[in-house]
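Because the structure is a prediction, the values reported are computed rather than measured. Index from 1, following the sequence.
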Amino acid sequence: MGIGTTNQSGGLDLGDVTALQWAGIALAAVTGAIHLVLGVSFLGTPMGWSFLLAGVGFFAGGGAVAVGYRRRLVYLLGLPFTGIQIVAWYLVNAPAFSVLGIADKLAQVGLIAVIVGLYRRESAAR
């Protein structure tokens, strides 16, 4: 369960990643990719940079969970990080919501649900 452990062939060992963690990683990747695409489309503006930063944050969180880096802390940071994304999106876009924005927020709501489940599981194991 070490951070960045390798398997016998020298590759990264992700064998301890659970199905629920993979679901969270996938949802983080979806919303991260959407944010990176939006960031590139708004490049050079403060909004573009905030999209890029958020996208990198989602990928970094998913990567940290994948390699087993301080997962409980990642879950605790991921909840407000994701929640703030939803609130900010609503405040900036209401009432004109795009299909892409709604899809992104659905992924984020799913991610929050997964994170809550992972945090509860992690806390119960202690």
Same apolar cluster: [X] and [Y], side chain cutoff 4.5 Å:
X   : Y   : answer
V74 : V67 : yes
L27 : L20 : yes
L43 : L36 : yes
L14 : I25 : yes

Query - Approximate separation, where rounding is to 0.5 Å, of Y119 OH and L73 CG - result: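 The distance works out to 10.0 Å.
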
Query - Separation of F58 CZ from I34 CD1 (nearest 0.5 Å) - result: 10.0 Å

Query raised in the report: Does the side chain of R71 come within less than 4.5 Å of V17's, by heavy atoms?
Result: yes

**Report entry** Pairwise side-chain contact, S41 with L38, heavy-atom cut-off 4.5 Å (strictly under)
**Finding:** yes

Contacts under 3.5 angstrom, residues 75-92 side chains, donor-acceptor by atom type, not counting sequence neighbours:
from	atom 1	to	atom 2	distance (Å)
Y75	OH	Q21	NE2	3.0
T82	OG1	G78	O	2.8
Q85	OE1	H35	NE2	3.3

Requested in this report: Assess whether atom CZ of R72 is packed by more than 12 heavy atoms of other residues, nucleotides or ligands within 6.0 Å.
Outcome: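 Yes.
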
Can you list, pair by pair, the side-chain donor-acceptor contacts under 3.5 Å of residues 94-117, counting residues two or more places apart and other chains?
from	atom 1	to	atom 2	distance (Å)
S98	OG	G101	N	2.9
D104	OD1	T31	OG1	2.4
D104	OD2	Q108	NE2	3.4
K105	NZ	Q108	OE1	2.9
Q108	NE2	T31	OG1	2.8

